[in-house]
Structures are given as structure tokens and as C-alpha cells.
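Below is one structure, written out as C-alpha cells; the observations come after it.
Starting from 1, each residue takes its place in the sequence as its number.
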Amino acid sequence: MKHLKKAIIILVPYPAQGHVSPMQKLAWAFLGQGFEAVMVVPQYIHRQIMVNGDYKDHEIKWVALPDGLAQEEEEAPDFFAIESAMENSMPTHLEGLLHKLAEDGDVACLVVDLLASWAIQVADRCGVPSAGFWPAMFATYLLIEAIPHMLRRGLISHTGLPQHEGKFCLEPELPMISIEDLPWLVGTDAARKARFKFWKRTLERSSTLKWLLVNSFLDEHKVEQQTKLANKFSSQGCPRVLPIGPICRHQLTKSVSFWEEDLSCLNWLAKQKANSVVYISFGSWVSPIGEAKLKNLTLALEASRRPFIWVLRSAWRKGLPIGFLERVAKQGQRQNRFLGTTKSDFAT
């Protein structure tokens with residue numbers, strides 16, 4: 001009897017910890033449905049996963065694409081270095097992989113994290129069906145989908161910079177939003193404009209998708225109602241939204257980790273009162289938020305007099321107010337932990 005090959009699902013996550021982990025859980029869900037799952041990541045991510053040792057996933061196939069990033073860098077690449085790798089180095093290699101896998105078997109679909117929208121164009125060129133993936137709640141996608149709506153209302157300029165201060169409401173049935181909370185308003189004006197350009201390009205490319213898989217609950221504030229709003233906001237329409245969450249229910253033996261685990265805080269955590277510790281992390285690829293905001297955050301943490309764990313890269317530490325570390329270290333038994341996000345940057 002002839003052995004039938006499994007249909008292949010190729011998954012392309014955005015190369016950040018908070019995107020690869022949910023995409024990995026989605027891959028496990030596809031495995032449970034009888035598909036073969038192939039996870040495609042940049043070379044530097046693949047290298048980090050392999051270096052960190054004890055994780056082995058024999059069912060999901062992990063494929064590294066050349067990314068053009070320097071191997072000797074100790075710090076993780078920032079948002080703009082990752083963007084350059086995705087736009088300039090990885091598309092050609094993904095196209096070659098798609099052709100090779102198509103020869104070996106049936107490629108059923110390419111599932112693309114919307115932040116890795118470059119892969120949608122590759123799928124279109126190769127004639128492979130593609131679906132989008134949004135690893136967070138649908139409400140956060142709605143905010144991005146509303147960019148054309150915000151432009152038409154004059155809430156933001158054509159470069160994404162706010163034209164008004166304070167809060168605004170996209171629709172009467174939606175909650176108020178602070179203008180400064182828009183996700184591209186991070187860093188300098190130049191950085192904000194570049195991030196906004198990234199989001200606009202993401203929207204344009206995703207408009208060709210038929211489906212968008214969202215890590216959300218079926219009844220999350222009436223997804224169907226929010227989908228209608230998304231279509232109203234968009235000038236091109238949005239894909240059919242399919243809520244598939246919470247994907248955390250798909251259990252793993254262990255999630256991939258880009259970083260060496262720092263277990264030094266566990267004994268300290270065990271000594272703290274329940275629900276008393278504040279945890280702060282801005283993710284592995286977010287650039288410093290600016291001196292003023294960083295200062296406000298440190299003042300708030302100090303004034304709270306609560307124990308905290310802060311995942312802090314060395315680039316951020318340079319902006320800490322003088323004397324802050326010494327002051328929080330002297331708060332009696334309130335030992336505060338600062339954990340780094342690279343091997344050379346783990347510290348207490």
C-alpha cells in the first residue's frame with residue numbers, strides 16, 4: 001500500500017519571543033489535525049533556540065532562513081534590524097524553500113504572522129494559499145485596522161504622528177483610547193514615522209488574505225460585530241476573522257526560548273507575599289521608550305514600595321536615573337530584581 005504523505009503547513013512567525021511561542025502552539029494544533037508543521041525563523045533565532053540546549057521538538061520541523069544579520073552581536077537585533085532582514089534577506093530564501101517543499105509534498109497553506117507580512121507576497125508569487133495570524137486579542141488588531149479611519153478623521157498625520165492630545169473614541173460602542181497609546185508611537189519622531197510606515201505596509205499586504213486566525217475567544221466582545229467595524233474602518237476590507245483561541249490550551253512539553261533562563265530569582269520570589277510582586281517587561285525587540293518615560297516609570301516603582309522584577313536590557317539601563325538602583329536596594333526586605341534579556345546581561 002502506498003504511503004500517503006501528510007499535507008504541509010508552513011508557519012512564519014515574527015521573530016520575537018511573544019510571537020514565536022504562540023505560533024509554536026498553533027503548529028501543535030495543526031499537528032493534532034494530521035498536518036506536518038514547518039516553522040520558518042531567521043537564522044539568528046534558530047541559532048539561539050539551538051544554543052539554549054535542552055529544548056527538542058521532534059514533531060515540528062524548524063527551518064532557518066539566512067537573515068544577513070551579524071553573528072557576533074551580543075545584543076538582540078532591534079525592530080529596524082529585524083525589519084531590514086525580513087524585507088531584504090529572507091524573501092528569496094523562503095521562495096526557494098516553498099518550491100522545494102512543493103516538490104517533496106503537498107503544501108496546504110502558509111500561515112503568516114501579520115507582522116511578518118513580507119511572507120504574504122512570497123506566497124502570492126508561488127501560488128501557495130496563505131492565511132494571516134494575529135497572536136494577540138482581536139481588539140488589538142482592530143486598533144491597527146483603524147489606521148485609515150484615523151487618517152480620514154485627522155486624528156493622525158500621514159506619517160502617523162498625533163494631531164490632537166488626550167483621548168478619542170473610534171466608535172460610540174468602543175472604549176476611549178489615549179492618543180499616546182497608539183502602538184507605533186515609540187521612540188523618537190523618526191522611529192515613530194518608520195514604525196507607522198511598517199504598520200501601513202502590513203495593512204496593505206494583509207488586504208489580499210482570505211482568512212485571519214486570531215488568538216481570541218469566540219465571544220470576545222462579539223467578534224462578528226468587531227469584524228464589521230474593521231471592515232468599516234478599512235478602505236480595502238479585512239480578511240475573514242476566525243477566532244481560534246485561546247491557543248494556550250494546546251500543551252507543550254516546553255516552549256522555545258531565545259534566552260538562557262535565569263532561575264536566580266525563584267528563591268527570592270518564594271519569600272514574597274502572594275500577589276505582591278510587580279513584573280515589568282517590554283519584550284525582546286522594543287527600543288528604549290525615552291528618558292522621560294523611563295524616569296517616570298522608575299519614580300512610580302520607587303514610590304510604590306513594592307517588590308518588582310524588571311527585565312531590562314543594557315541599552316535601557318543606561319537611561320536609569322542616577323542613584324535609582326542604590327535607593328531601591330535599600331528598601332528593607334523589598335529586594336528588587338533586575339533581569340537582563342541577553343546572556344551577557346543577566347544581573348540582579
Side-chain angles (χ1 to χ4, degrees), residues 14 19 79-80 82-83 86-87 112-121 123-124 130-217 219-243 245 283 286-287 289-290 293:
Y14 179 82
H19 290 253
F79 175 87
F80 301 106
I82 292 172
E83 181 187 17
M86 292 193 301
E87 294 296 327
V112 181
D113 187 319
L114 288 194
L115 274 74
S117 64
W118 60 274
I120 298 172
Q121 293 184 310
D124 290 343
S130 58
F133 176 59
W134 187 259
M137 296 178 67
F138 183 65
T140 58
Y141 168 77
L142 191 63
L143 187 59
I144 300 302
E145 189 66 47
I147 285 176
H149 183 68
M150 287 186 267
L151 287 167
R152 289 193 295 267
R153 285 182 54 184
L155 295 171
I156 55 176
S157 69
H158 70 282
T159 58
L161 298 182
Q163 299 301 290
H164 306 279
E165 295 182 357
K167 296 184 177 183
F168 67 96
C169 189
L170 292 170
E171 288 291 320
E173 60 267 44
L174 296 178
M176 297 292 291
I177 303 169
S178 173
I179 197 75
E180 284 298 322
D181 288 339
L182 296 175
W184 56 87
L185 297 181
V186 179
T188 63
D189 276 356
R192 293 178 173 201
K193 291 175 182 178
R195 289 176 185 272
F196 182 69
K197 182 179 178 181
F198 170 88
W199 282 115
K200 283 187 66 179
R201 185 176 61 218
T202 297
L203 275 181
E204 290 168 3
R205 290 172 176 172
S206 63
S207 65
T208 65
L209 294 170
K210 291 183 179 179
W211 312 283
L212 177 62
L213 311 180
V214 180
N215 186 16
S216 190
F217 299 94
D219 59 347
E220 184 217 333
H221 196 65
K222 300 179 181 177
V223 169
E224 290 184 4
Q225 178 184 346
Q226 292 202 42
T227 304
K228 291 178 181 178
L229 285 173
N231 279 301
K232 179 179 179 180
F233 293 154
S234 174
S235 57
Q236 299 170 306
C238 70
R240 180 186 175 193
V241 176
L242 302 174
V286 176
S287 301
I289 56 178
K293 289 184 177 180

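Taken from CZ in Phe198 to CD in Glu87, the straight-line distance is 8.0 Å, to the nearest 0.5 Å. Summarising the geometry, atom CD belonging to Glu165 is positioned 10.0 Å from atom CD1 belonging to Ile179; distances are rounded to the nearest 0.5 Å. Going from atom OH of Tyr14 over to atom OG of Ser117 covers 10.5 Å, rounded to the nearest 0.5 Å. Atom-to-atom distance recorded for Phe138:CZ and Asn215:CG is 13.0 Å, nearest 0.5 angstrom. To the nearest 0.5 Å, the span separating CG on Leu143 from CE on Met137 amounts to 13.0 Å. For the atom pair CG of Leu212 and CD of Glu145, the computed distance is 9.0 Å after rounding to the nearest 0.5 Å.
Counting only heavy atoms from C-beta outward, the side chains of Ile156 and Phe196 approach each other to under 4.5 Å. At a threshold of 4.5 Å between non-hydrogen side-chain atoms, the residues Thr140 and Trp134 count as touching. Two residues are said to be in side-chain contact when any heavy atoms from C-beta on lie closer than 4.5 Å; Val214 and Tyr141 fail this criterion. Counting heavy atoms from C-beta outward, Thr159 and Asp189 have side chains that stay 4.5 Å or more apart. A heavy-atom distance below 4.5 Å is not found between the side chains of Ile144 and Thr202. Residues Pro162 and Leu182 fail the side-chain proximity criterion, which asks for heavy atoms closer than 4.5 Å.
Here Gln121 pairs with Arg125, Arg205 under the side chain to side chain contact (heavy atoms under 4.5 Å, CB included) rule; sequence neighbours left out. Shown here are the side chain to side chain contact (heavy atoms under 4.5 Å, CB included) partners of Ala194, two or more places apart in sequence or in another chain: Phe80. For Lys167, the side chain to side chain contact (heavy atoms under 4.5 Å, CB included) partners are Met176, Ser178, not counting sequence neighbours.
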As a quick check of understanding, evaluate side-chain contact (heavy atoms from CB on, under 4.5 Å) for Trp118 and Val112, giving each step before the final call.
CA-CA 9 Å; Trp118 60 274; Val112 181; over 6 Å; no
Audit row: Lys197, Glu204, salt bridge (Lys or Arg N to Asp or Glu O under 4.0 Å) steps and yes/no
CA-CA 11 Å; Lys197 182 179 178 181; Glu204 290 168 3; over 6 Å; no
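Listed for the Trp199 side chain is no donor-acceptor partner under 3.5 Å among the backbone atoms of Trp184.
The shortest heavy-atom contact between Gly154 and Gln163 is O-CB, 3.3 Å. For the pair Val186 and Ala191, the tightest heavy-atom approach, listed with the atom from each and the gap, is O-CB, 3.7 Å. Residues Leu185 and Glu180 come closest through the heavy atom pair CD1-CA, 4.1 Å. Of all heavy-atom pairs spanning Leu114 and Gly132, the tightest one is CD2-CA, 4.0 Å.
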